[in-house]
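Both ligands and their constituent atoms are indexed starting at 1 by order of listing. Only this structure's heavy atoms are used, side chains among them; waters, hydrogens and symmetry mates stay out.
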Amino acid sequence: MIYDVVIIGAGPAGLSAGLYAARARMNTLIIEKEAAGGQIATTDEVANYPGSAENATGPSLVSRMVEQAEEFGAKRITDTIESVDVTGKVKILKGENEEYQAKTVIVATGAVPKHIGCPGEKELTGRGVSYCATCDGAFFEDLEVFVVGGGDSAVEEAMYLTKFARKVTIVHRRDELRAAKSIQEKAFKNEKIDFLWDSVITDLKGDGLLETMTVKNVKTGEETEIHADEDDGTFGVFVFIGYDPANKLFEGLVEMENEYIVTDDNMRTNVPGVFAAGDNRVKSLRQVVTATADGAIAATQAEKYIEENFG
Ligand code: NAP
């Protein structure tokens with residue numbers, strides 16, 4: 001069968017596109033390789049999505065988005081798309097499990113957290129190194145935690161981690177935070193938060209669990225080894241240094257800028273019938289509210305495209 005719309009990715013952008021597409025009575029398929037939700041599924045507090053409940057969490061918001069898309073008739077499946085052919089009028093997506101055909105494709109693949117790139121990081125992920133405070137924070141009850149980064153994510157997640165950790169140290173490569181002033185102010189007032197300025201982590205070591213890290217002062221070049229407290233035996237390193245767009249599948253197929261997909265205001269890429277929505281496209285603000293808006297626009301434009309091209 002040929003779907004009207006195939007959406008790749010079930011984060012807020014993909015789920016919103018699914019809701020709008022299905023509500024417009026288009027035959028809609030949402031394909032996600034892991035669990036639905038994207039980055040928001042690992043966010044503890046969603047305070048800035050207009051109208052969200054006072055105690056809304058990422059997972060609660062996502063599960064309602066999934067319900068809504070499905071209520072309107074969007075079909076949702078788990079598969080990993082391995083290659084795409086978007087040159088023809090009918091687009092072909094080859095998944096690990098199946099092949100899909102579609103009149104339009106909405107790429108809502110989002111972005112993934114960046115890694116520090118130092119020795120030991122990969123081996124110690126899940127053993128002290130984490131990219132998700134909501135998922136792993138509770139493992140660090142009464143332990144010491146280091147948060148890498150100076151943006152909104154790093155500072156907000158550092159504050160969240162103070163609920164569990166004995167002490168949270170923000171390790172930032174400059175001597176000034178990038179985070180919004182209002183967020184900075186809260187962090188500076190938090191007695192559990194400390195700062196290690198002009199510093200980067202250059203090495204992570206541990207036998208099973210993270211035990212030692214090397215921190216380099218980028219101004220003086222001095223390297224310091226930090227060891228886990230003897231009684232603790234380990235500590236945590238949470239990395240929040242930005243995101244990489246998940247656009248590999250479409251490299252060389254649609255126009256990109258710094259690995260982000262270029263669209264017009266109607267979410268159209270330079271390839272007819274292919275739209276992008278959410279954090280993987282060039283835009284000035286990557287938030288749930290802008291992702292859902294992108295999804296809605298992409299779906300309505302896909303409908304228009306189908307009317308014009310498939311009558
Ligand atoms: P971001 O704003 O890009 O900040 C990344 C931080 O990591 C920067 O401080 C950067 O340092 C540092 N960094 C980057 N590469 C590094 C490396 N290789 N080693 C060490 N440090 C590195 O990313 P984000 O904080 O994830 O935020 C992403 C977007 O989401 C932003 O638009 C942000 O405003 C938004 N956001 C909003 C909220 C909110 O409104 N409540 C919450 C979370 C995120 P430099 O400062 O030196 O560049």
Side-chain angles (χ1 to χ4, degrees), residues 11-13 37-52 54-58 61-62 110-122 125 129-135 137 146-162 168-188 190 193 195-204 213-219 221 223-224 226 237-246 257-260 278-294:
Q39 279 178 58
I40 196 70
T42 57
T43 304
D44 175 51
E45 201 186 323
V46 185
N48 53 7
Y49 186 60
S52 57
E54 217 173 306
N55 54 355
T57 62
L61 199 60
V62 163
V112 289
K114 275 190 189 160
H115 291 191
I116 307 172
C118 72
E121 182 181 16
K122 203 170 158 197
T125 295
V129 178
S130 170
Y131 306 87
C132 174
T134 324
C135 320
F146 295 83
V147 168
V148 186
D152 289 341
S153 301
V155 180
E156 283 203 332
E157 299 304 318
M159 284 192 281
Y160 171 73
L161 285 163
T162 60
V168 176
T169 305
I170 295 179
V171 182
H172 185 36
R173 64 183 178 182
R174 292 188 291 136
D175 59 4
E176 176 180 39
L177 296 172
R178 176 182 292 278
K181 287 281 178 289
S182 58
I183 297 175
Q184 290 193 26
E185 280 164 17
K186 280 194 210 156
F188 288 135
N190 191 318
I193 296 183
F195 295 87
L196 209 51
W197 301 109
D198 300 314
S199 299
V200 293
I201 295 177
T202 55
D203 195 25
L204 293 159
M213 71 175 179
T214 308
V215 175
K216 182 179 169 184
N217 183 303
V218 293
K219 282 195 175 149
E223 292 200 316
T224 314
I226 295 175
V237 168
F238 284 78
V239 184
F240 301 104
I241 58 173
Y243 298 88
D244 283 324
E257 206 177 277
N258 294 326
E259 297 171 13
Y260 287 88
D279 285 3
N280 61 333
R281 74 175 191 95
V282 175
K283 63 196 293 193
S284 59
L285 182 65
R286 295 192 175 86
Q287 294 279 291
V288 181
V289 69
T290 60
T292 52
D294 284 4

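- Closest approach of Y243 to K114, counting heavy atoms only: O-CE, 3.7 Å.
- Using a distance-only test at 3.5 Å, with no hydrogens or angles considered, a donor-acceptor pair links the side chain of D294 to the main chain of G278.
- Near ligand 1, residues N48, G149, G150, G151, D152, S153, E156, H172, R173, R174, R178, F240, I241, G242, Y243, R286, Q287 each place a heavy atom inside the 4.0 Å sphere around the ligand atoms.
- At most 12 non-hydrogen atoms from other residues, nucleotides or ligands lie less than 6.0 angstrom from NZ of K216.
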Using a 3.5 Å cut-off and no angle test, enumerate the donor-acceptor pairs between side-chain atoms of residues 178-188 and protein atoms at least two apart in sequence or in another chain.
from: Q184; atom 1: NE2; to: L177; atom 2: O; distance (Å): 3.3
from: Q184; atom 1: NE2; to: A179; atom 2: O; distance (Å): 2.8

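- Between the side chain of T290 and the backbone N or O of L285, at least one donor-acceptor pair lies under 3.5 Å.
- The backbone N or O of E121 lies less than 3.5 Å from a partner atom in the side chain of T125, making a donor-acceptor pair.
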